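The first residue in the sequence is number 1, and the count goes up from there. All values below were derived from every heavy atom in this structure, side-chain atoms included, with hydrogens, water molecules and symmetry-related copies excluded. All figures in this text were calculated on a predicted structure; none of them were measured in a lab. Every number for a ligand or one of its atoms is a count from 1 in the order of the listing.
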Amino acid sequence: MEKRIAVLPGDGVGKEVTRGAVSILEAAGELFGHKFHFSYGAIGGEAIDDHGTPLPEHTLNLCKTSDAVLLGAVGGPKWDRLPGHIRPEKGLLKIRKELGLYANVRPVQYYSSISGVSPLRKDVVEGVDMVVVRELTGGLYFGKPSERTFQKGEAAAVDTLFYQKKEIERVIRYAFELASTRKGKVTSVDKANVLESSRMWRETAEEVAKEYPGVQLEHMLVDNAAMQLIKNPRQFDVLVTENMFGDILSDEASVLTGSLGMLPSASVSEEGPYLYEPIHGSAPDIAGMDAANPIAMILSAAMMLRMSFGLYAEAEAIENAVKQVLDAGSRTRDIALFGSGTVSTSAMIEEIKAALLDNEAIYNIMGAYA
Ligand code: NAD
């Protein structure tokens, strides 16, 4: 198989972890006989410095003509004081809109070997296996007006939470499709006791549910969902919610696994290429220190192989290599227990690559798919 992959490393640790994902993909390609062509584009703060905009036209064109997009992370203190329309994060919002990436899919999985890093007790997090599906191109982050204003002579500001019904239906249908391949339960999270947009969200979820008799639908208010995620996370299978609620709840869900550095994501569209990125940001506090955890990015690359290219065995080989390295006790700083040794980003990447190249494990997996 030959595939073209657009690589947008971005800023801070984005660059460090993206290097890791590319080298793991190259190794997987060699092992399984695929050719991945990587083309690089600028996004975020680096793109502002070099091109005066957080998402240059040529980066966008590169993404649109690729089979999938790998993105590191954007942002950093250097660009924090820029006006809203040329901040690095604008590049992210624009690429989501331009590629029609309507749902962000964030699996949250428990790894027994690092359960000690989670701030929650082992008996609470043990066995967690859920997916947060976040609506990505509507809601407060895109609604207009979104501006500073004056009212009665006082400074004021407004943001708008706007959804078209078809946008809600699309993401909810995605969640139902996903749940029907998993444990068969969708938790739709809203604030229907207060917000009109949430009442439409809830009605739409009820309508879509009628098409999926094998999938159970439950509604949960967002404040309760924030509590239930910590209290009893095992109750969730697929959690679907609007843009801002999803942004917040999926970061909260990351603590179940112990670190932001462990959580991958995929953003899906109706027609164009999908985009894969870790859920963490550019981590300016550790950027350039070779200390970031590359696993979220490497697992995002595995999601790409499975979801965009249908390469199931290859994806599983990478996921197994990650698990093997964690089981053997290797830890970057964010997932190390107090007093235990740590490895650098580069060392973690090399260990995962070595585990991936462990032929016996590969043949076992290939056998399972034969
Ligand atoms: P962050 O995710 O960058 O960092 C939060 C904390 O998690 C930090 O302590 C950081 O060191 C740690 N962390 C994050 N990724 C890690 C990794 N791979 N390994 C180990 N530790 C890791 O969030 P923030 O500090 O709120 O934001 C920093 C910048 O990133 C801001 O400019 C923000 O706008 C941007 N950001 C970008 C994205 C994105 O590109 N998708 C997402 C979130 C934040």
Chi angles and distances behind the side-chain contact (heavy atoms from CB on, under 4.5 Å) call for Ile168, Met200: CA-CA 8 Å; Ile168 299 175; Met200 186 161 88; 3.8 Å; yes
Heavy-atom proximity to atom 37 (C) of ligand 1, best of Asp247, Val74, Asn104: Val74
Beyond-backbone contact of Val268 with Tyr174, side-chain heavy atoms, under 4.5 angstrom: yes
Atom 7 (O) of ligand 1 [closest protein heavy-atom partner, distance rounded to 0.1 Å]: Leu260 CD1, 3.6 Å
Closest candidate by heavy atom, reference atom 18 (N) of ligand 1, pool Thr345, Asn293, Leu8: Asn293
Donor on one side chain, acceptor on other, Glu57 and His51, under 3.5 Å: no
Proximal atoms of ligand 1 relative to Glu277 (non-hydrogen, under 4.0 Å): 41 (N)
Contact check, Leu92 vs ligand 1, heavy-atom distance below 4.0 Å: yes
Nearest non-hydrogen partners of Thr332 and Pro294, listed with the distance: CG2-CD, 4.1 Å
Heteroatom proximity flag, Gly261 to ligand 1, N/O under 3.5 Å: no
Criterion side-chain contact (heavy atoms from CB on, under 4.5 Å) on Ile5 and His37, from CA distance to verdict: CA-CA 6 Å; Ile5 301 170; His37 303 279; over 6 Å; no
Exercise check, heavy-atom protein proximity under 4.0 Å to atom 24 (P) of ligand 1: no
Side-chain donor-acceptor contact under 3.5 Å, Asp190 with Ser198: no
Close approach, Val13 and ligand 1, non-hydrogen under 4.0 angstrom: no
Proximal candidate to atom 28 (C) of ligand 1 [heavy atom criterion; set Gly91, Ser259, Pro284]: Pro284
The single option from Asp159, Asp247, Asn243 passing side-chain hydrogen bond (donor to acceptor under 3.5 Å, both in side chains) against Tyr141: Asp247
Lys97 to Phe142, cation-pi by 6.0 Å centre distance and 45° axis angle: yes
Nearest non-hydrogen protein atom, atom 16 (C) of ligand 1: His280 CG, 4.1 Å
Identity and separation of the nearest protein heavy atom to atom 12 (C) of ligand 1: Ala283 CB, 4.4 Å
Identity of the nearest option to atom 31 (C) of ligand 1, non-hydrogen atoms only, from Met297, Met348, Glu89: Glu89
For atom 43 (C) of ligand 1, the protein heavy atom that lies nearest, with its residue and separation: Gly281 CA, 3.5 Å
N or O pair under 3.5 Å between Gly76 and ligand 1: yes
Identity and distance of the protein heavy atom lying nearest atom 22 (C) of ligand 1: Ile286 CD1, 4.1 Å
Selected option - heavy-atom contact closest to atom 29 (C) of ligand 1, from Pro88, Ser254, Ser282: Ser282
Minimum side-chain heavy-atom gap Leu70-Tyr276 below 4.5 Å: yes
Single-linkage hydrophobic cluster Val186~Leu221, side-chain heavy atoms < 4.5 angstrom: no
Min heavy-atom dist Ala296 to ligand 1 below 4.0 Å: no
Donor on one side chain, acceptor on other, Arg106 and Ser250, under 3.5 Å: yes
Taking atom 9 (O) of ligand 1 as the reference point, the nearest protein heavy atom with its distance: Asp285 OD2, 3.0 Å
Structural part of Arg333 in contact with ligand 1, heavy atom criterion under 4.0 angstrom: neither
Pair Asn232, Gln228: side-chain N/O donor-acceptor within cut-off below 3.5 Å: no
Distance filter under 4.0 Å to Gly75 heavy atoms, resulting ligand 1 atoms: 32 (O)
Arg202 atom CZ: more than 12 heavy-atom contacts under 6.0 Å: yes
Residue Ala73 vicinity, atoms of ligand 1 by number, heavy atom under 4.0 Å: 40 (O)
